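What follows is a short report on a single structure.
Just so we're clear, the structure is a prediction, and the values are computed from it rather than from any experiment.
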Amino acid sequence: MITTAQFTYIPLESQNPRESIEFLLEMVAQHEVEVDVNYLSTSVRGEPDVIFKLIREIYDTMTIEGEEFRFHIELLNPVAEEEAEDLDIPQE
């Protein structure tokens, strides 16, 4: 199964919000997901376990870093790998 998550990370009290967002994008790049960075949000596609692990890692990391933030997450229903191939979603 392949799923898509769209998330928006909003640093609230950061002196350099762009730095926080770039840090998170580097973290996302280390996972086996397809990434689409947009102006206000980022979409990732991959196996549900990988997506949920990534979401948890972002939340935990930014909490440890002492950031004040909002983290909006929107999940799409999973699709079978055959359907993902039809949608040009890369497989491992």
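Taking each heavy atom of R45 and I51 in turn, the nearest pair found is C-CD1, 4.0 Å. The two atoms that bring A5 and I55 nearest to each other are CB-CD1, 4.5 Å, heavy atoms only. The two residues T3 and P48 have their closest heavy-atom pair at CG2-CA, 3.8 Å.
Hydrophobic clustering keeps M1 apart from V50 (ILVMFWY residues linked when any side-chain heavy atoms are closer than 4.5 Å, directly or through intermediates). One hydrophobic cluster holds both L54 and V35 under the rule that ILVMFWY side chains link at heavy-atom gaps under 4.5 Å.
Residues meeting the side-chain contact (heavy atoms from CB on, under 4.5 Å) test with N38, sequence neighbours left out: D36, S41, S43. Residues satisfying the ring-ring contact (aromatic ring centres under 6.0 Å, His included) criterion with Y59, sequence neighbours excluded, are F69. With sequence neighbours excluded, the residues forming a ring-ring contact (aromatic ring centres under 6.0 Å, His included) with F7 are F71, listed by chain and number.
Contact check for I2 versus E47: side-chain heavy atoms found under the 4.5 Å cut-off. A heavy-atom distance below 4.5 Å is not found between the side chains of L25 and Y9. Between V28 and V37 there is no side-chain heavy-atom pair separated by less than 4.5 Å.
Residues in residues 10-19 take part in no salt bridge (Lys or Arg N to Asp or Glu O under 4.0 Å) pair, two or more places apart or across chains.
Here CG of L24 is found 9.0 Å from OG1 of T42. Values are rounded to the nearest 0.5 Å. One finds the NE2 atom of H31 at 4.0 Å from the CD atom of E57 (value rounded to the nearest 0.5 Å). Separating the CD atom in Q6 from the CD1 atom in I73 is a distance of 11.5 Å, to the nearest 0.5 Å. To the nearest 0.5 Å, the span separating OG1 on T8 from CZ on R70 amounts to 12.0 Å.
Through side-chain heavy atoms spaced under 4.5 Å, either directly or across other Ile, Leu, Val, Met, Phe, Trp or Tyr residues, I64 is tied to no other residue. Chaining together hydrophobic side chains whose heavy atoms lie under 4.5 Å apart places L40 alongside Y39.
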Trace of the side-chain contact (heavy atoms from CB on, under 4.5 Å) decision for H72 with I10: CA-CA 8 Å; H72 299 269; I10 304 167; 3.8 Å; yes

